[in-house]
Colleague: 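Handing you a structure now.
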Amino acid sequence: MGESVAEATITNWLKEVGDRIEVDEAVLEIATDKVDSEIPSEVSGVLVEKLFQKDDLVQVGQTLGIIETEGGAVGVAQEAPTSAAPAVEAVAKTVEHAREFVAAPAAVIPSVAPVGVQAVEGEPQDYTHSEKFFSPLVRNIAKEEGISVAELESIAGTGNEGRVTKNDLLDYIKNKVNAPVAAAPAPVAPAVPQPQVVTPSAVEVPQQAPSVQPTTQNPQPKAAPVSVNGQDEIVEMDRMRKLIAGYMVQSVQTSAHVQSFIEVDVTAIWDWREKNKNAFEKREGEKLTFTPIFMEIVAKALKDFPMMNISVDGDYIVKKKNINLGMAAALPNGNLIVPVIKNADQLNLLGMAKAVNDLGNRAKAGKLKPDDTQGGTYTVTNVGTFGSVFGTPIINQPQVGILALGAIRKVPAVIETPEGDFIGIRKKMFLSHSYDHRVVDGALGGSFVKRVAEYMEAFDENRSF
């Protein structure tokens, strides 16, 4: 998933228990904050168990499911092991240790009557007739331990939608075996010492890292709003839109947003691009847009003002060594994503153009990797793409600044020359700089955007690409 990615959310299982899976065939889809990815199988076999359900949060390296192959079972993980052998051994130990853990107390304390509904001895249990869903592993453990259907249904599950997980069942069995039971008065007999159940690491039930669970075991989903007039359409936000909404609210609540605006004459940049864009595309095979030109200038200004290339961590300021520029991009579905150009200050105009085009094309095609959106230190958003003259963008946390590029317009302007002033047609745009007033004052925030404007207006029309 990339060095900076620690966890992801399961968004969809592409295979169901019992389905045949081929090598490199996608088994499920997962998502980080903004990027979706498919997890392929490294083996051929049959999916026999899902260890996590849709919407569960999983850690990189965790086993997500079990695939049965001709040689045994192996795990499907976010970060595959170097070989199948460790996974096979781990699965075998998990099952064996679980059985030892739950079977040992029952064997040494046969006289204790467990609390709960008991199955009639010898009566086969058919868990498939239950209205609740139980995974194959849960059903197998329940069958071996003699848990009835009614008893299994009475267990409060902590899994997705209240499902009973393996750990829920093991905890229930352990507590049931050790639970005290009121008995009729009987002649006093020598007390049989209660054997101490020792669970060293060698036989401890391996625990899965828990997914983020709500405070209640069975939370009731919030009811969808109802159209009052019967004509309004109610549409639930997709996962990415929910994440974006959460980030925007968090940013506004975290940073004290302040904006500075400045108008800049970009006639020199406009004319240079018009003169060179065809030759650039013919020679380099890349389209020359305004974005890489502006990104190159922003990276240069950040080197002049390193205190704009920082983040805030509590009461501490983290000064970033690298200049990694986020490039806000609108997706075809209307959502927003911010791929990052790493070490932007080290790229020339050609390198910047290639990076901008590559990230932009892969963002539209949904082929960004998780690392492509990580590690940004400052963000630029082009609101002028949609005709906006300027805007007040929200800071991309934990950064402290974001620059909005307005639409380039042909406007009448006063032109100062040694021979005097006159009116001419110029290409101008507005720069809108939002910054975090907790650590960036008006002098720094205003000076930075002014420096960007100065570099734009001083652009060399005779430069090469």
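Model, not experiment: these values are computed from the prediction. FYI, side chains are in, hydrogens and waters are out, and symmetry mates aren't considered; it's all heavy atoms of this structure.
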Colleague: So which heavy atom on P412 is nearest to which on I423, and how close?
Modeller: CB-CG2, 4.3 Å
Colleague: For residues T254 and Q397, is any side-chain donor paired with an opposing acceptor at under 3.5 Å?
Modeller: no
Colleague: Are the side chains of Y435 and L444 in touch, meaning some heavy atoms are under 4.5 Å apart?
Modeller: no
Colleague: Could you tell me whether E274 atom CD has more than 12 heavy atoms of other residues or ligands within 6.0 Å of it?
Modeller: yes
Colleague: Measuring from K54:NZ to T11:OG1, what's the distance to the nearest 0.5 Å?
Modeller: 7.5 Å
Colleague: If you measure only the distance, is there a donor-acceptor pair under 3.5 Å linking the side chains of S41 and E25?
Modeller: no
Colleague: With distance as the sole test, does S44 use its side chain to make a donor-acceptor pair with the main-chain N or O of V23 at under 3.5 Å?
Modeller: yes
Colleague: Which pair of non-hydrogen atoms, one from K450 and one from I262, has the smallest distance, and what is that distance?
Modeller: CA-CD1, 3.9 Å
Colleague: Counting only N and O atoms by type, is there a donor-acceptor contact under 3.5 Å from the side chain of D313 to the main-chain atoms of Y316?
Modeller: no
Colleague: To the nearest 0.5 Å, how far apart are CG in N343 and NZ in K321?
Modeller: 9.5 Å
Colleague: Please name the pair of heavy atoms, one in Q259 and one in F261, separated by the smallest distance, quoted to 0.1 Å.
Modeller: CB-CZ, 3.7 Å
Colleague: Are the charged groups of E281 and K277 less than 4.0 angstrom apart, N to O?
Modeller: no
Colleague: Over all heavy atoms of both residues, which pair between N309 and N322 is shortest? Give the atoms and the distance, please.
Modeller: ND2-O, 3.0 Å
Colleague: Are any of the side-chain nitrogens in R409 or E263 under 4.0 Å away from the carboxylate oxygens of its partner?
Modeller: yes
Colleague: List for me each residue that meets salt bridge (charged side-chain N to carboxylate O under 4.0 Å, His left out) alongside K275, sequence neighbours excluded, and say none if there are none.
Modeller: none
Colleague: List the steps, then state whether side chain to side chain contact (heavy atoms under 4.5 Å, CB included) holds for R426 with K410.
Modeller: CA-CA 6 Å; R426 308 295 290 178; K410 295 180 181 180; over 6 Å; no
Colleague: Under the side chain to side chain contact (heavy atoms under 4.5 Å, CB included) criterion, do M307 and V440 qualify, and how do the steps go?
Modeller: CA-CA 8 Å; M307 287 305 292; V440 180; over 6 Å; no
Colleague: Do E29 and L14 come close enough that some side-chain heavy atom pair is under 4.5 Å?
Modeller: yes
Colleague: Say you draw a straight line from OG1 of T165 to CG of D171; how long is it, rounded to the nearest 0.5 Å?
Modeller: 8.0 Å
Colleague: Would the distance check show the side chain of D441 and the main-chain N or O of A443 forming a donor-acceptor pair, the cut-off being under 3.5 Å?
Modeller: no
Colleague: Would you call the rings of Y378 and H433 parallel, tilted or perpendicular if under 30° counts as parallel and over 60° as perpendicular?
Modeller: tilted
Colleague: Supply the atom-to-atom distance I10 CD1 to L28 CG, rounded to the nearest 0.5 angstrom.
Modeller: 5.5 Å
Colleague: Would you say the side chain of L349 lies within less than 4.5 Å of the side chain of I293, judging by non-hydrogen atoms?
Modeller: yes
Colleague: Which heavy atom in I337 sits nearest to a heavy atom in A363, and how many Å separate them?
Modeller: CG2-CB, 4.1 Å
Colleague: For D436, is there an ion pair with R438 - N to carboxylate O distance below 4.0 angstrom?
Modeller: yes
Colleague: Answer yes or no: is there a donor N or O on one side and an acceptor on the other, between the side chain of E457 and the main chain of D265, under 3.5 Å?
Modeller: yes
Colleague: Are Q62 and L51 side-chain neighbours, meaning at least one heavy-atom pair lies under 4.5 Å?
Modeller: no
Colleague: Just distance, no hydrogens or angles: give the donor-acceptor pairs under 3.5 Å from side chains in residues 458-465, sequence neighbours left out.
Modeller:
residue : atom : partner : partner atom : Å
D460    : OD1  : N462    : N            : 3.0
R463    : NH1  : E296    : OE1          : 3.1

Colleague: For A301, what residues pass the side chain to side chain contact (heavy atoms under 4.5 Å, CB included) criterion, not counting sequence neighbours?
Modeller: F448, R451, V452, Y455
Colleague: Mind checking whether F290 and F294 have parallel, tilted or perpendicular rings, split at 30° and 60°?
Modeller: parallel
Colleague: Closest heavy-atom contact between S260 and V449?
Modeller: CB-CG1, 4.4 Å
Colleague: Nearest 0.5 Å please: distance from the CD1 atom of I141 over to the CG atom of L170.
Modeller: 5.0 Å
Colleague: Within a strict 4.5 Å, meaning less than it, do heavy atoms of the M240 and L331 side chains meet?
Modeller: yes
Colleague: Applying side chain to side chain contact (heavy atoms under 4.5 Å, CB included), run through R20 and K15 and close with a yes or a no.
Modeller: CA-CA 8 Å; R20 176 74 184 177; K15 296 292 182 179; over 6 Å; no
Colleague: Looking at F430, I want to see if its CZ is surrounded by more than 12 non-hydrogen atoms of other residues, nucleotides or ligands under 6.0 Å.
Modeller: yes
Colleague: Flag the pair D358 and K354 as a salt bridge only when some basic side-chain nitrogen lies within less than 4.0 angstrom of an acidic carboxylate oxygen.
Modeller: no
Colleague: Is it the case that over 12 heavy atoms from other parts of the model lie below 6.0 angstrom from the NZ atom of K242?
Modeller: yes
Colleague: Go through it in stages, so that I can follow the logic: the residues are L403 and L405, the test is side chain to side chain contact (heavy atoms under 4.5 Å, CB included), and I'd like the CA-CA distance, side-chain angles, deciding distance and then a yes or no.
Modeller: CA-CA 7 Å; L403 183 69; L405 307 173; 4.0 Å; yes
Colleague: Is there side-chain contact between L302 and D345, with at least one heavy-atom pair below 4.5 Å?
Modeller: no
Colleague: Once you round to the nearest 0.5 Å, how far does CD1 of I30 lie from CD1 of I39?
Modeller: 3.5 Å
Colleague: So do E286 and F280 actually touch side chain to side chain, heavy atoms under 4.5 Å?
Modeller: yes
Colleague: So V400 and S255, do their side chains get closer than 4.5 Å, heavy atoms only?
Modeller: no
